[in-house]
J.: 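My questions will all concern the structure given below.
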Number of protein chains: 2
Amino acid sequence: MLDRIGDRWSVICILHLGEHEVLRFTELRRLISGISQRMLTVTLRDLERDGFVARKVKPVIPPHVEYRLTPLGRALMENVRSLCQWANDHQEAVRRARESYDARALQDVSS
Amino acid sequence: MLDRIGDRWSVICILHLGEHEVLRFTELRRLISGISQRMLTVTLRDLERDGFVARKVKPVIPPHVEYRLTPLGRALMENVRSLCQWANDHQEAVRRARESYDARALQDVSS
DNA sequence: CAGAATCCAGTCGGATACTG
DNA sequence: CAGTATCCGACTGGATTCTG
């Protein structure tokens, strides 16, 4: 299951669905700028398969498909969100660590 | 930073370092059966670069290198562990969701 | 012991074109 | 609108070999 958490697009999808209750395919596509429609399709199918997202098709023309989090998906979203929150709070520390590491690496090369 | 959380080997490394305080390269390698020495090297260097892991080299022959979590790394580990805990608690639900999805998918094909 | 370097097969994901 | 299908370049990570 950690695969899904480790997947960039899955996380972003879940986060957006967490703030919007229900979203159509194209709405999600617009929210997640940069995602290809192929990856959105694949990601949503995987999330649906795992029981995190519910997909409802309204049989009209043109097609109308809604996505929303299941209770399980909402629970996952809470966890993911708090992890993202933590990541956000400490990203500055990581940035500094990287800078100092890279600086040391440069030193080691020149010596 | 979510890259690191999403990386399978990073998560496993962090978890092991969370229960062992300090580990040598080969000890980690043995604990994480299945990892190649290349990926262990790469993973540890990335974790060190991000400031999650401290690497201490004792200049003896043969080499003796120790890895341990930094305070930042320990904080990350707590988060990761609770997420893994959640994942574990709900993996059965996911398994069922997948089964029912796959069953439905088969139906749809045959109809 | 703890890596570094190289090679290479497999996978991922973007771009594009087509459809009910 | 909401996909599916195909092609293909890029990156990933394992296996292997070599080193202080």
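Below, all heavy atoms of this structure are taken into account, side chains as well, without hydrogens, waters or symmetry copies. Order of the sequence lines sets the chain letters (A, B, ...), proteins ahead of strands, with each chain counted from 1.
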J.: A:Arg24: what forms a side chain to side chain donor-acceptor pair (under 3.5 Å) with it, not counting sequence neighbours?
T.: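 In terms of side chain to side chain donor-acceptor pair (under 3.5 Å), with neighbours along the sequence ignored, A:Arg24 is linked to A:His64.
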J.: What is the distance, rounded to the nearest whole Å, between atom NE2 of A:His64 and atom P of D:dA2?
T.: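 Taking NE2 of A:His64 and P of D:dA2, I get 7 Å after rounding.
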J.: Donor-acceptor pairs under 3.5 angstrom involving side-chain atoms of residues 30-46 of chain A: please list them, not counting sequence neighbours.
T.:
residue: A:Ser36; atom: OG; partner: A:Met39; partner atom: N; Å: 3.2
residue: A:Thr41; atom: OG1; partner: A:Gln37; partner atom: O; Å: 2.8
residue: A:Thr43; atom: OG1; partner: A:Met39; partner atom: O; Å: 2.6

J.: Using atom CG of A:Leu23 as one end and atom P of D:dA2 as the other, report the distance to the nearest whole Å.
T.: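 The distance from CG of A:Leu23 to P of D:dA2 comes to 11 Å, rounded to the nearest Å.
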J.: Does A:Asp102 have any side chain to side chain donor-acceptor pair (under 3.5 Å) partners at least two apart in sequence or in another chain, and if so, which?
T.: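 A:Asp102: side chain to side chain donor-acceptor pair (under 3.5 Å) contacts with B:Arg49.
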J.: Give me, pair by pair, the N or O atoms of the protein and of nucleotides 18-20 of chain C that are less than 3.5 Å apart, along with how far apart they are.
T.:
none

J.: Could you tell me how far apart A:Arg8 (CZ) and D:dT12 (P) are, to the nearest whole angstrom?
T.: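 A:Arg8 atom CZ is separated from D:dT12 atom P by 13 Å.
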J.: Using the side chain to side chain donor-acceptor pair (under 3.5 Å) criterion, which residues pair with B:Arg8? Sequence neighbours excluded.
T.: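 In terms of side chain to side chain donor-acceptor pair (under 3.5 Å), with neighbours along the sequence ignored, B:Arg8 is linked to no residue.
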J.: Check this for me: does any side-chain nitrogen of one of B:Glu66 and B:Lys58 sit under 4.0 Å from a carboxylate oxygen of the other?
T.: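 A salt bridge links B:Glu66 with B:Lys58.
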J.: Which ones in residues 39-59 of chain A lie close to DNA chain D, meaning a heavy atom under 4.0 Å from one of its atoms?
T.: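 When residues 39-59 of chain A is checked for heavy atoms under 4.0 Å from DNA chain D, the hits, listed by number, are A:Thr41, A:Arg45, A:Arg55.
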J.: Can you tell me which residue pairs pass the salt bridge (Lys or Arg N to Asp or Glu O under 4.0 Å) test with a partner in residues 12-22 of chain B, sequence neighbours excluded?
T.: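 Residue pairs passing salt bridge (Lys or Arg N to Asp or Glu O under 4.0 Å), neighbours aside: B:Glu21-B:Arg68.
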J.: Would you indicate, yes or no, if D:dG13 has its OP1 or OP2 atom less than 4.0 angstrom from a side-chain nitrogen or oxygen of B:Ser36?
T.: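 For D:dG13, neither OP1 nor OP2 has a side-chain N or O of B:Ser36 closer than 4.0 Å.
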J.: Using whole Å, what does the distance between atom C1' of nucleotide D:dT4 and atom CZ of A:Arg38 come to?
T.: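 So the two atoms are 10 Å apart, to the nearest Å.
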J.: If I compare all heavy atoms of B:Met77 with all of B:Gly18, which pair ends up nearest, and what's the gap?
T.: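 Distance-wise, the nearest heavy atoms are CE-CA, 3.7 Å.
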J.: Sequence neighbours left out, what passes ring pair (Phe, Tyr, Trp, His ring centres under 6.0 Å) with A:His90? Give chain and number order.
T.: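 Ring pair (Phe, Tyr, Trp, His ring centres under 6.0 Å) check on A:His90 returns A:Trp86.
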J.: Report the nucleotide, chosen from C:dG3, C:dG13, D:dA2, that has the shortest atom-to-atom distance to any side-chain atom of A:Phe25.
T.: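 So the nucleotide nearest the side chain must be D:dA2.
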J.: B:Arg29 near the nucleic acid: base, sugar-phosphate alone, or nothing, with a heavy-atom cut-off under 4.0 Å?
T.: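 No contact at all - B:Arg29 keeps every heavy atom at 4.0 Å or more from the nucleic acid.
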J.: Distance check needed: D:dC1 P versus A:Leu28 CG, whole Å only.
T.: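 Distance check: A:Leu28 CG to D:dC1 P gives 14 Å.
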J.: Quantified as the angle between the terminal helix axes (five pairs each), what is the overall bend of the helix from C:dC1-D:dG20 to C:dG20-D:dC1 to 10 degrees?
T.: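 The angle, to the nearest 10 degrees, is 50°.
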J.: Respond yes when some side-chain nitrogen or oxygen of A:Tyr67 is under 4.0 Å from OP1 or OP2 of D:dG3, and no when none is.
T.: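 For A:Tyr67, the contact criterion (side-chain N or O under 4.0 Å from OP1 or OP2 of D:dG3) is met.
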J.: Should A:Arg24 be listed as having a side-chain N or O under 4.0 Å from OP1 or OP2 of D:dA2?
T.: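 Yes, such a contact exists.
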J.: The criterion is side chain to side chain donor-acceptor pair (under 3.5 Å); which residues satisfy it with A:Arg104, sequence neighbours excluded?
T.: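 A:Arg104: side chain to side chain donor-acceptor pair (under 3.5 Å) contacts with A:Ser100.
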J.: Mind checking what makes side-chain contact (heavy atoms from CB on, under 4.5 Å) contact with B:Val80, not counting sequence neighbours?
T.: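 B:Val80 satisfies side-chain contact (heavy atoms from CB on, under 4.5 Å) with B:Val11, B:Leu15, B:Leu76, B:Cys84 once adjacent residues are dropped.
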J.: Return each pair, listed once, that meets salt bridge (Lys or Arg N to Asp or Glu O under 4.0 Å) where at least one residue sits in residues 77-95 of chain A; pairs must be two or more places apart or across chains.
T.: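 Pairs touching residues 77-95 of chain A that pass the test: A:Glu78-A:Arg81, A:Glu92-A:Arg95, A:Glu92-A:Arg96, A:Arg95-A:Glu99.
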